[in-house]
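Just so it is clear, the model here is predicted, and its values are computed rather than measured. Chain letters run A, B, ... following the sequence lines, proteins first and then strands; every chain starts at 1.
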Amino acid sequence: MNTQMNINKACEKANHVCDKSQYKEASFLEKVKLNLHLIFCKACRKYSSNNQKLTKKMHHANVECMHKQEKEVLKQNLTKAIKEQQN
Amino acid sequence: MPKHLIDPNKWIDLYSDYLFNYTISRVNDRDLSKDLVQDTFFAGLKSMKNFKGEASERTWLISILKRKIIDYYRRINSNKGKAEVRMSYNSDTESEGDWLEERVADPFDKNAESVIENEELGEAIYGCLGKLPEKQATVFKMKTIEGIDTETICNELNITASNLWVIIHRARTAMASCMEKNWF
C-alpha cells in the first residue's frame with residue numbers, strides 16, 4: 001500500500017516536471033530526475049512522449065489567439081451592437 | 001425545427017479565437033484580423049434572420065468571414081496597378097548589388113501542402129480546445145499560445161502557481177488524447 005502510494009507520488013512529480021519542461025521552466029536537476037524516472041516507468045514514458053508530441057504540434061501549427069483585453073473590447077462592441085439591434 | 005441555434009452573446013467566447021486564427025493565417029496582420037473578425041460578428045448579427053440552422057454557428061460565421069477576406073483582397077487589389085507603378089525594385093540602399101537570385105522566392109520555404117497541413121492542424125487544435133472546460137482552455141491558451149509567464153497568469157486569474165500547473169496538466173492530458181484521436 002505504502003509502496004503504491006510512493007510510486008503514485010513519484011509519477012505525479014514526474015508528470016509535473018514533464019509539464020514544466022515543455023515550457024522550459026524545469027531545472028537541470030529536475031530534468032535529470034525525470035529522465036531517471038522515465039527509464040523505469042512505462043506510463044510516464046507514454047505521458048512524456050504524448051506531451052512532447054503536443055508541444056511540437058503546437059509550435060508547428062503556429063496558432064494565434066486574441067489577447068484578453070482585445071476580446072473584452074470586442075465583447076463590449078458586440079454587446080452594444082446587440083442592444084442597438086434589439087431596440 | 002433547426003438543428004443548430006444561434007446565440008450572439010456567446011460568439012466571442014466560443015469562436016473569436018478560431019476566427020482570428022483563421023484570418024491571421026490568410027492576411028498576416030494582427031490589427032486587420034481583429035477588424036475582420038469584428039466585421040464578421042456585426043454582419044452575422046445583421047443577417048441572423050437568414051440563419052437556417054442547417055449548419056453549425058461556426059460554419060456559418062466562417063462563411064461570412066471568407067467573404068470579408070475576399071472583399072478585403074478585392075479592395076486592395078483595385079489599387080494594385082497604382083502601387084506597381086510607384087514601386088521601385090531596389091529602393092533599399094543596403095541591399096544594393098545583391099544577387100538577383102537572392103530575391104527570388106525560395107521554392108523549399110513553404111509549399112501549398114504544408115500551408116494546408118498547418119491550417120488543418122490549427123483547426124484540429126481549436127477543435128480540441130473547444131472541448132476543454134473554459135478555465136482549462138483559458139489557462140492553456142495563455143500559457144501555450146500566448147506564452148505568458150506563470151506569475152502573470154496567476155495574478156491575472158487569481159490562482160496559485162500549483163493550481164495553475166494542475167490545470168495545465170489536465171488541459172495537456174485532454175489535449176494530447178484529443179489530438180491523438182484526430183491527428184497524431
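Contact of B:Leu45 with chain A is made through backbone and side chain together, with heavy-atom distances under 4.5 Å. No part of B:Tyr18 comes within reach of chain A, as not one of its non-hydrogen atoms sits under 4.5 angstrom from that chain. With a threshold of 4.5 angstrom between heavy atoms, B:Phe140 approaches chain A through side-chain atoms but not through N, CA, C or O. For B:Asp149, no part sits under 4.5 Å from any heavy atom of chain A, backbone or side chain. With a threshold of 4.5 angstrom between heavy atoms, A:His59 does not approach chain B through any atom at all.
A donor-acceptor pair shorter than 3.5 Å cannot be found between the side chains of A:Tyr23 and B:Thr150.
Taking each heavy atom of A:Cys65 and B:Asp17 in turn, the nearest pair found is CB-OD1, 3.2 Å. Closest approach of B:Glu156 to A:Lys68, counting heavy atoms only: OE2-CD, 3.3 Å. Looking at every heavy atom in both residues, B:Gly122 comes nearest to A:Ala61 through N-CB, 4.3 Å. Taking all atoms of both residues into account, the shortest heavy-atom contact from B:Met179 to A:Leu54 is CG-CD1, 4.0 Å.
Inter-residue side-chain proximity for A:Lys20 and B:His169 is flagged as unmet; no heavy-atom pair is nearer than 4.5 Å. The side-chain heavy atoms of B:Glu180 and A:Asn50, taken from C-beta on, include a pair separated by under 4.5 Å.
Within a 6.0 Å radius of CG in B:Asn158, other residues, nucleotides and ligands contribute 12 heavy atoms or fewer. In this structure, B:Arg170 places its CZ atom where only 12 or fewer heavy-atom neighbours from other residues, nucleotides or ligands lie under 6.0 Å away. In this structure, B:Asn28 places its CG atom where only 12 or fewer heavy-atom neighbours from other residues, nucleotides or ligands lie under 6.0 Å away. Counting non-hydrogen atoms of other residues, nucleotides and ligands closer than 6.0 Å to NZ of A:Lys13 gives a total of 12 or fewer.
Most heavy-atom pairs under 4.5 Å with chain A: of the set B:Val166, B:Leu19, B:Ile24, this distinction falls to B:Ile24. Of the residues considered (B:Phe20, B:Phe41, B:Tyr126), B:Phe20 shows the highest number of contacts with chain A, using heavy-atom pairs under 4.5 Å. When A:Asp19, A:Thr79, A:Val73, A:Thr55 are compared by the number of non-hydrogen pairs under 4.5 Å with chain B, A:Asp19 comes out ahead.
The structure places CG of B:Asp13 at 3.5 Å from NZ of A:Lys75, a figure rounded to the nearest 0.5 Å. Distance OG/B:Ser16 to NZ/A:Lys71: 4.5 Å, rounded to 0.5 Å.
Using a cut-off of 4.0 Å between Lys/Arg side-chain N and Asp/Glu carboxylate O, A:Glu64 and B:Lys141 are scored as not salt-bridged.
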side-chain contact (heavy atoms from CB on, under 4.5 Å) evaluation trace for B:Ile125 with A:Met58:
CA-CA 8 Å; B:Ile125 287 169; A:Met58 292 298 294; 3.7 Å; yes

